[in-house]
Amino acid sequence: MEEVNVVETKDGTVSVASAFAGHQEAVQDRDHKFLRKAVEEAYKGVDSGHGGPFGAVIVCNDEVVASCHNMVLSHTDPTAHAEVTAIRECIAFILQACKKLKKIELSDCEIYASCEPCPMCFGAIHLSRIKRLVYGAKAEAAIAIGFDDFIADALRGTGFYQKAQLEIKRADGNEAMIAEEVFEKTKEKFRMY
């Protein structure tokens with residue numbers, strides 16, 4: 001039986017450490033693969049004029065079941081953030097597949113977000129019972145190009161975020177930098193107001 005340790009960092013994020021030597025590398029490679037898809041969605045959303053530089057991917061059993069980007073502008077809907085849009089799509093998918101069970105939760109799923117989720121998106125992630133969140137860029141990358149600093153303050157200032165019953169991990173290394181670059185590379189194409 002493999003020993004697993006849960007570690008909470010100073011900023012409230014949670015990570016899982018495994019005693020199995022190859023486990024961390026395998027998890028990291030898998031996380032990077034899906035996080036890259038979320039970053040690709042962020043670029044796609046800006047390039048298509050749908051909304052801000054945010055992307056999200058929901059994965060179940062190593063299969064992408066929803067891949068979305070911010071669609072606030074195209075849907076004229078302030079709640080059409082990447083994570084919320086992906087959750088809506090995924091729940092519809094799961095409800096079709098599990099109609100007899102009337103399953104309205106995503107406890108078998110993980111979400112990969114190009115950026116640290118805002119409070120609304122985090123609430124949707126929590127309420128849909130997604131078991132794991134991996135994000136790339138910190139909220140400060142979005143704040144630096146004009147997004148509201150309420151995001152970081154609200155997330156880090158509430159006990160709700162720290163007490164959530166899901167694993168929360170910030171990607172590391174090159175993948176985190178790639179996720180943060182989406183803001184710098186799209187700031188000329190996407191302007192807040």
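Residue numbers count from 1 along this sequence.
- Looking only at side-chain heavy atoms (C-beta outward), I87 and H81 stay at 4.5 Å or farther from each other.
- A salt bridge links R88 with D77; the closest basic N to acidic carboxylate O contact falls under 4.0 Å.
- We find the OH-CG distance between Y112 and L133 to be 10.0 Å, quoted to the nearest 0.5 Å.
- In this structure, R30 pairs ionically with E110, as a charged nitrogen and a carboxylate oxygen lie closer than 4.0 Å.
- Rounding to the nearest 0.5 Å gives a distance of 12.0 Å between CD of E40 and CG of D47.
- Taking every heavy atom of both residues into account, E83 and C121 meet most closely at OE1-SG, 3.1 Å.
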Donor-acceptor pairs under 3.5 angstrom involving side-chain atoms of residues 48-60: please list them, not counting sequence neighbours.
residue, atom, partner, partner atom, Å
S48, OG, K44, O, 2.9
S48, OG, G45, O, 3.2
S48, OG, H50, ND1, 3.0
H50, ND1, H69, NE2, 2.7

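- If you chain together ILVMFWY residues whose side-chain heavy atoms come under 4.5 Å of each other, V84 ends up grouped with M120.
- One finds a salt bridge joining R132 and D31 here, because a Lys/Arg side-chain nitrogen approaches an Asp/Glu carboxylate oxygen to under 4.0 Å.
- Side-chain atoms of T79 and T85, non-hydrogen and from C-beta on, never get closer than 4.5 Å to each other.
- Heavy atoms only, all atoms of each residue included: A179 and G136 are closest at CB-CA, 3.5 Å.
- Note: C115 SG to I143 CD1 = 8.5 Å, rounded to the nearest 0.5 Å.
- A continuous path of ILVMFWY side-chain contacts below 4.5 Å connects I125 to L106, so both sit in one hydrophobic cluster.
- With contacts defined as side-chain heavy-atom distances shorter than 4.5 Å, the pair K185/Y43 qualifies.
- Of the inter-residue distances, the one linking F34 atom CZ with I111 atom CD1 reads 13.0 Å to the nearest 0.5 angstrom.
- Taken to the nearest 0.5 Å, the CZ atom of R36 stands 15.0 Å off from the CD atom of E41.
- Of all heavy-atom pairs between E175 and A171, the closest is CB-CB, 4.5 Å.
- Residue V46 is grouped with residue V39 when hydrophobic side chains (ILVMFWY) are merged at heavy-atom distances under 4.5 angstrom, including chains of intermediate members.
- Heavy atoms only, all atoms of each residue included: A86 and A66 are closest at O-CB, 3.5 Å.
- Remark: K37 pairs with no residue by the side-chain hydrogen bond (donor to acceptor under 3.5 Å, both in side chains) rule, at least two apart or across chains.
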task = May I have the step-by-step check of side chain to side chain contact (heavy atoms under 4.5 Å, CB included) for S107 and K131, ending in yes or no?
result = CA-CA 5 Å; S107 61; K131 67 179 177 183; 5.8 Å; no
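- The residues R170 and E180 are annotated as salt-bridged, a charged nitrogen and a carboxylate oxygen being separated by less than 4.0 angstrom.
- The shortest non-hydrogen separation linking V65 to E89 is O-OE2, 4.2 Å.
- E140 CD to F183 CZ: the interatomic distance, rounded to the nearest 0.5 Å, is 10.5 Å.
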